[in-house]
Amino acid sequence: MVAYRDNATGLTAEHLRGGFFEGWPAPPSAERHLAILQGSEVAIVAVDIASGHVVGFVTAVGDGVQSAFIPLLEVLPAWRGSGIGSELVRRVLARLGDRYAIDLVCDPELVPFYERLGGMGATAVMWRNRDAATGNRP
Ligand SMILES: CC(C)(COP(=O)(O)OP(=O)(O)OC[C@H]1O[C@@H](n2cnc3c(N)ncnc32)[C@H](O)[C@@H]1OP(=O)(O)O)[C@@H](O)C(=O)NCCC(=O)NCCS
């Protein structure tokens, strides 16, 4: 069973060592992951009640008024397929309220997942500083 928390208060890097950033060539360390959660405008985590470990999370960054971007959403593989990802999206959208623009970038196969949650497919442009992303500098 999971419980949802609406911020990163009380979390330590130890709570984040379950294997997030699956498939990333150089995944952020748990310490960097914690810094990401703490620095985000919104961070919502799903916690395994039995162990206290984080099994899913979503972040949003924004201007506090009109726009927000959802850079990260992930559920650990063993916990997927039971609605945690959808619930994290619903909760981050609720926190962002009536923000005019809420954007995220995803692979095409995930568009139907977000459409079920009220999103619309769109075209995106992105920049990636891959050296910085792999530096693991918190
Ligand atoms: C996307 C993700 C967060 C969904 O979490 P979840 O807890 O499994 O979500 P839910 O249980 O609410 O919904 C599951 C549904 O999402 C859809 N889905 C998830 N991953 C998918 C994928 N790679 N391709 C197509 N559909 C996918 C499926 O419809 C799936 O239903 P199914 O389990 O019946 O096949 C999770 O799969 C994940 O962490 N993936 C790796 C990271 C990622 O891709 N994040 C999104 C970045 S934009």
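Just follow the structure's listing: the first ligand is 1, and inside any ligand the first atom is 1.
- Between Leu73 and ligand 1, an N or O atom pair is found at a separation short of 3.5 Å.
- For ligand 1, the atoms closer than 4.0 angstrom to any heavy atom of Ile84 are 7 (O).
- Contacts between Ser82 and ligand 1, counted as non-hydrogen atom pairs separated by less than 4.0 Å, involve the backbone only.
- Nearest non-hydrogen protein atom to atom 38 (C) of ligand 1 is Arg80 NE, 3.4 Å.
- With Ser86, Gly81, Gly56 as candidates, the residue nearest to atom 8 (O) of ligand 1 on a non-hydrogen basis is Gly81.
- For a threshold of 3.5 Å applied to N or O pairs, the pair formed by Phe113 and ligand 1 contains no separation below that value.
- Assignment of Val105 to the shell around ligand 1 is supported, since a heavy atom sits closer than 4.0 Å.
- Among all protein heavy atoms, the one lying closest to atom 11 (O) of ligand 1 is Gly83 N, 2.7 Å.
- Although no hydrogens or angles enter the test, the distance criterion places a donor-acceptor pair under 3.5 Å between the side chain of Asp63 and the main chain of Ser67.
- The protein atom (non-hydrogen) at minimum distance from atom 39 (O) of ligand 1 is Val75 N, 2.8 Å.
- Looking only at heavy atoms of the protein, atom 21 (C) of ligand 1 is closest to Leu110 CD2, 3.5 Å.
- Atoms of ligand 1 found under 4.0 Å from any heavy atom of Gly85, numbered from 1 in the order shown, are 5 (O), 6 (P), 7 (O), 9 (O), 12 (O).
- Heavy atoms of Glu87 come nearer than 4.0 angstrom to ligand 1 in no pair at all.
- Of the listed residues (Glu22, Arg116, Glu109), the one carrying the non-hydrogen atom nearest atom 24 (N) of ligand 1 is Glu109.
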